Undergrad: 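Attaching a single structure in structure tokens format; questions to follow.
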Amino acid sequence: MNQRVVDVVLAEAQAEYLANNKIPATFLAELDLLAATLTTAGDLLATLSAAIALKQIYIEEAQAQIDQQNQETQMKDIQDQITDLKNEVKMLRGKK
């Protein structure tokens, strides 16, 4: 094949490509839009992830406070029982 045939084939291929495909500027704009959409979706997922993590921290802190209050209540009850038992022992010793 000579150069002239190659040039004609390439010109036809280029014309067919441009006819079947979008203008490069339009294609690039569409890619930009797609990239922006994906970036926005990624930002949304990151925000949701942070919100879920923060909610979990709040739940854990609230549960820790409840557990601490329960433990303090149990300790007070035990202390009250010990005090009552001491008083009973004193009363029993006094009766003898």
Side-chain angles (χ1 to χ4, degrees):
M1 264 204 282
N2 63 27
Q3 186 61 35
R4 175 76 178 132
V5 174
V6 171
D7 289 341
V8 169
V9 170
L10 286 176
E12 281 185 34
Q14 182 180 11
E16 184 178 333
Y17 175 80
L18 290 175
N20 292 329
N21 293 301
K22 298 180 172 131
I23 297 171
T26 304
F27 181 67
L28 290 175
E30 288 174 351
L31 283 179
D32 285 344
L33 178 62
L34 177 63
T37 302
L38 292 175
T39 300
T40 302
D43 290 344
L44 174 66
L45 289 175
T47 302
L48 290 175
S49 175
I52 290 169
L54 186 58
K55 182 178 179 181
Q56 185 62 36
I57 289 170
Y58 287 148
I59 290 170
E60 289 172 2
E61 286 179 356
Q63 187 61 47
Q65 287 178 352
I66 290 169
D67 291 345
Q68 183 178 357
Q69 289 172 350
N70 288 341
Q71 186 178 11
E72 288 173 1
T73 301
Q74 287 176 349
M75 291 300 289
K76 186 180 180 316
D77 289 344
I78 291 171
Q79 186 62 43
D80 290 345
Q81 289 175 2
I82 290 172
T83 302
D84 290 344
L85 287 173
K86 283 181 181 180
N87 291 336
E88 284 185 36
V89 169
K90 286 180 186 177
M91 284 178 30
L92 290 174
R93 284 186 184 163
K95 288 185 177 180
K96 284 185 177 180

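Worth saying up front: this structure is predicted, and the values here are computed from it rather than measured. Along the sequence shown, the residues carry numbers beginning at 1.
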Undergrad: Does Tyr58 sit in a hydrophobic cluster with other residues, and if so which ones, taking ILVMFWY side chains as linked at heavy-atom separations under 4.5 Å, directly or through other members?
TA: Leu54
Undergrad: Can you give each donor-acceptor pair under 3.5 Å made by side-chain atoms of residues 36-49, sequence neighbours left out, with the distance rounded to 0.1 Å?
TA:
residue, atom, partner, partner atom, Å
Thr37, OG1, Leu33, O, 2.8
Thr39, OG1, Ala35, O, 2.8
Thr40, OG1, Ala36, O, 2.9
Thr47, OG1, Asp43, O, 2.9

Undergrad: How does the hydrophobic cluster around Ile78 look, that is, which other residues are in it when side-chain heavy atoms under 4.5 Å mark a link?
TA: Ile82
Undergrad: Report, one line per pair, each donor and acceptor closer than 3.5 Å where one atom sits in a side chain of residues 69-77; sequence neighbours left out.
TA:
residue, atom, partner, partner atom, Å
Asn70, ND2, Ile66, O, 3.4
Glu72, OE2, Gln68, NE2, 3.3
Thr73, OG1, Gln69, O, 2.9
Lys76, NZ, Asp80, OD2, 3.2

Undergrad: Looking at residues at least two apart in the chain, or sitting in another chain, which of them share a side chain to side chain contact (heavy atoms under 4.5 Å, CB included) with Gln79?
TA: Thr83
Undergrad: Name all residues meeting the side chain to side chain donor-acceptor pair (under 3.5 Å) criterion together with Lys86; count only those two or more places apart in sequence or in a different chain, and write none if there are none.
TA: none
Undergrad: Output all residues satisfying side chain to side chain donor-acceptor pair (under 3.5 Å) with Gln56, sequence neighbours left out; order by chain, then residue number.
TA: Glu60
